[in-house]
Amino acid sequence: MALLLNTSKVSKAFGVAPLFENVSLTIHDGDRLGLIGPNGSGKSTLLQILAGRLEPDTGERVLRSGVRLAYVPQDSLFEAGLTLRDVMQRALRAVNVPESEWAAREAETLGRAGFRDFDVQAATLSGGWRKRLSIAEAMVQDPAILLLDEPTNHLDLAGIEWLEKTLAGAPFACVIVSHDRYFLENVPTKMAELNRMFPDGLFFVSGNYSTFLEQKAEFLHAQAKRQESLENRVRTEMEWLRRGPQARTTKSKARIDNAGELI
């Protein structure tokens, strides 16, 4: 699969506290990546870096030449006075689609999203329908990568089912920040958790949410066993140090240095 987007060792901090450090992530053609993590870990910030809307403090983001990317933020807000048709035409104009194609593209995309009246003002829609519109606005641009921040927020069951079906059959890659476990079980083909507890700041698994949970449990169990082994070795070295080496030989000095590293 072709590489579309790559971040290498990106870091971001607000004030003195780092959100994440040295995180590397690649997006390939056809990927459906679910991105999770504890509150405050920087998921939305990382998504904005992927989108090119925010610069990392260190590291780099590289988008393959010619790759179109669309981003849908958590909050779906539209200016007063804009109709659904206006929203779609603005998006089509932004990516230089010929005006002769607008009517067909907007009708197909809005129709698949469940809209019937394209002259309704976008700002008057309910939260769930505004979310559908913001996703449709991104998809009408025909992106190679779609970035979605908490897309199931405000959607009702029918809206979530529409989105699951749409993403499952989509020709584009997507990265989805979400806390919806059922959605993460049904849509992603890959999972990543942004968390400083992991050695590289990101724990990556091929598979859906349940596969991720299994492999995360295995990883944490292995880490716990390693920690237990390390603690036992430290206890042994501490006892040896307290007894006091009989002679300050080269061998004993090396052991003292090693004990310090273990501790």
request  = Mind jotting down which residue pairs meet the ring pair (Phe, Tyr, Trp, His ring centres under 6.0 Å) criterion with at least one end in residues 23-68? Sequence neighbours excluded, please.
outcome  = none
message = For E99, I'd like to know if atom CD has over 12 heavy atoms of other residues, nucleotides or ligands within 6.0 Å.
response = no
ask   = Could you walk me through whether D142 and V95 pass the side chain to side chain contact (heavy atoms under 4.5 Å, CB included) check?
value = CA-CA 9 Å; D142 193 23; V95 293; over 6 Å; no
Listed pairs under 3.5 Å, donor-acceptor, residues 202-212 side chains, sequence neighbours left out:
from : atom 1 : to   : atom 2 : distance (Å)
N208 : OD1    : S210 : OG     : 3.2
N208 : OD1    : T211 : N      : 3.3
N208 : OD1    : T211 : OG1    : 3.1
N208 : ND2    : E185 : O      : 3.2
N208 : ND2    : E185 : OE2    : 3.0
S210 : OG     : E185 : OE1    : 3.3
S210 : OG     : E185 : OE2    : 2.9

task = State plainly whether one hydrophobic cluster holds both L157 and V187, where clusters connect Ile, Leu, Val, Met, Phe, Trp and Tyr through side-chain heavy atoms under 4.5 angstrom apart.
result = no
request  = Taking side chain to side chain donor-acceptor pair (under 3.5 Å) as the test, write out the residues that go with R112, two or more places apart.
outcome  = E108
query = Any side-chain heavy atom of L110 within less than 4.5 Å of one from L133?
reply = yes
query = W102: what forms a ring pair (Phe, Tyr, Trp, His ring centres under 6.0 Å) with it, not counting sequence neighbours?
reply = none
inquiry  = Hydrophobic cluster membership, with links at side-chain heavy-atom distances under 4.5 Å among I/L/V/M/F/W/Y: are L184 and L35 in one?
reply    = no
query = Just how far is it from atom CG of L69 to atom CG of L146, taken to the nearest 0.5 Å?
reply = 8.0 Å
query = Is the closest side-chain heavy-atom distance between E150 and S178 below 4.5 Å?
reply = yes
query = How would you list all residue pairs meeting salt bridge (Lys or Arg N to Asp or Glu O under 4.0 Å) that involve residues 17-39, not counting sequence neighbours?
reply = E21-R196, D31-K190
task = For S11, enumerate each residue passing the side chain to side chain donor-acceptor pair (under 3.5 Å) test, keeping only those at least two apart in sequence or located in another chain.
result = T58
request  = Considering non-hydrogen atoms only, spot the tightest contact between A173 and G30 and give its length.
outcome  = CB-N, 3.9 Å
request  = Among residues two or more places apart or on two chains, list those pairs meeting side-chain hydrogen bond (donor to acceptor under 3.5 Å, both in side chains) that have a residue in residues 40-55.
outcome  = S44-Q74, S44-D149
request  = Tell me, please, which residues at least two apart from E79 pass side-chain contact (heavy atoms from CB on, under 4.5 Å).
outcome  = L82, R90
message = Strictly by ring pair (Phe, Tyr, Trp, His ring centres under 6.0 Å), give each pair with a member in residues 128-181 just once, sequence neighbours left out.
response = F115-W129
ask   = Do L163 and F183 pass the side chain to side chain contact (heavy atoms under 4.5 Å, CB included) test, and can you show the C-alpha distance, the side-chain angles, and the key distance before you say yes or no?
value = CA-CA 9 Å; L163 182 58; F183 185 81; 3.9 Å; yes
key: Side-chain heavy-atom pair L148, I135 within 4.5 angstrom cut-off   = yes
query = Below 4.5 Å, heavy atoms only, C-beta onward: do T26 and L4 meet side chain to side chain?
reply = no
message = Is there a side-chain contact between I160 and D180 in this structure, where contact means two heavy atoms from C-beta onward sitting under 4.5 Å apart?
response = yes
inquiry  = For Q141, is there any backbone N or O sitting under 3.5 Å from a side-chain donor or acceptor partner on R68?
reply    = yes
ask   = Do P151 and I176 have side chains that get closer than 4.5 Å, going by heavy atoms?
value = yes
message = Using the side chain to side chain donor-acceptor pair (under 3.5 Å) criterion, which residues pair with S76? Sequence neighbours excluded.
response = S134
Gap between atom CG of L3 and atom CG of L63 - 0.5 Å precision = 9.5 Å
query = So, for E137 and A91, which heavy atoms are closest and what is the spacing to 0.1 Å?
reply = O-CB, 3.7 Å
ask   = In terms of hydrophobic clusters joined by side-chain contacts under 4.5 Å, are L33 and Y71 together?
value = yes
ask   = Could you walk me through whether V67 and S65 pass the side chain to side chain contact (heavy atoms under 4.5 Å, CB included) check?
value = CA-CA 6 Å; V67 170; S65 177; over 6 Å; no
remark   = Between the CD1 atom in I27 and the CZ atom in R64, the distance rounded to the nearest 0.5 Å is 13.0 Å
ask   = In chain order, what residues pass the side chain to side chain donor-acceptor pair (under 3.5 Å) check against T109, with sequence neighbours excluded?
value = none
ask   = Hey, any chance L84 and V97 share a hydrophobic cluster, counting ILVMFWY side chains that come within less than 4.5 Å of each other, even indirectly?
value = yes
query = Is a donor on one side and an acceptor on the other found under 3.5 Å between the side chain of S24 and the backbone of K9?
reply = yes
request  = Answer yes or no: is there a side-chain heavy-atom contact under 4.5 Å between V175 and L5?
outcome  = no
key: Closest heavy-atom pair and its distance - R105, L92   = NH2-CD2, 3.9 Å
query = When rounded to the nearest 0.5 angstrom, what is the spacing between CD in E106 and CD in E101?
reply = 12.0 Å
task = Could you list the residues that satisfy side-chain contact (heavy atoms from CB on, under 4.5 Å) with T7, not counting sequence neighbours?
result = V10, L25, L50, R61
message = Let me confirm one number: the CD-CG distance from E164 to L155, rounded to the nearest 0.5 Å.
response = 10.5 Å
remark   = Taking every heavy atom of D57 against every heavy atom of A13, the minimum-distance pair comes out as OD2-N, 2.7 Å
query = Do I36 and L194 have side-chain heavy atoms sitting under 4.5 Å apart?
reply = no
ask   = Can F20 be reached from L47 by stepping across I, L, V, M, F, W or Y side chains whose heavy atoms are under 4.5 Å apart?
value = yes
query = For the atom pair CD (E161) and OG1 (T152), what is the distance rounded to the nearest 0.5 Å?
reply = 12.5 Å
inquiry  = With a 3.5 Å distance limit and no angle check, can you tell me whether R85 reaches the backbone of F118 through a side-chain donor-acceptor pair?
reply    = no
key: V87 to A122 - nearest heavy-atom pair and separation   = CG2-CB, 4.1 Å
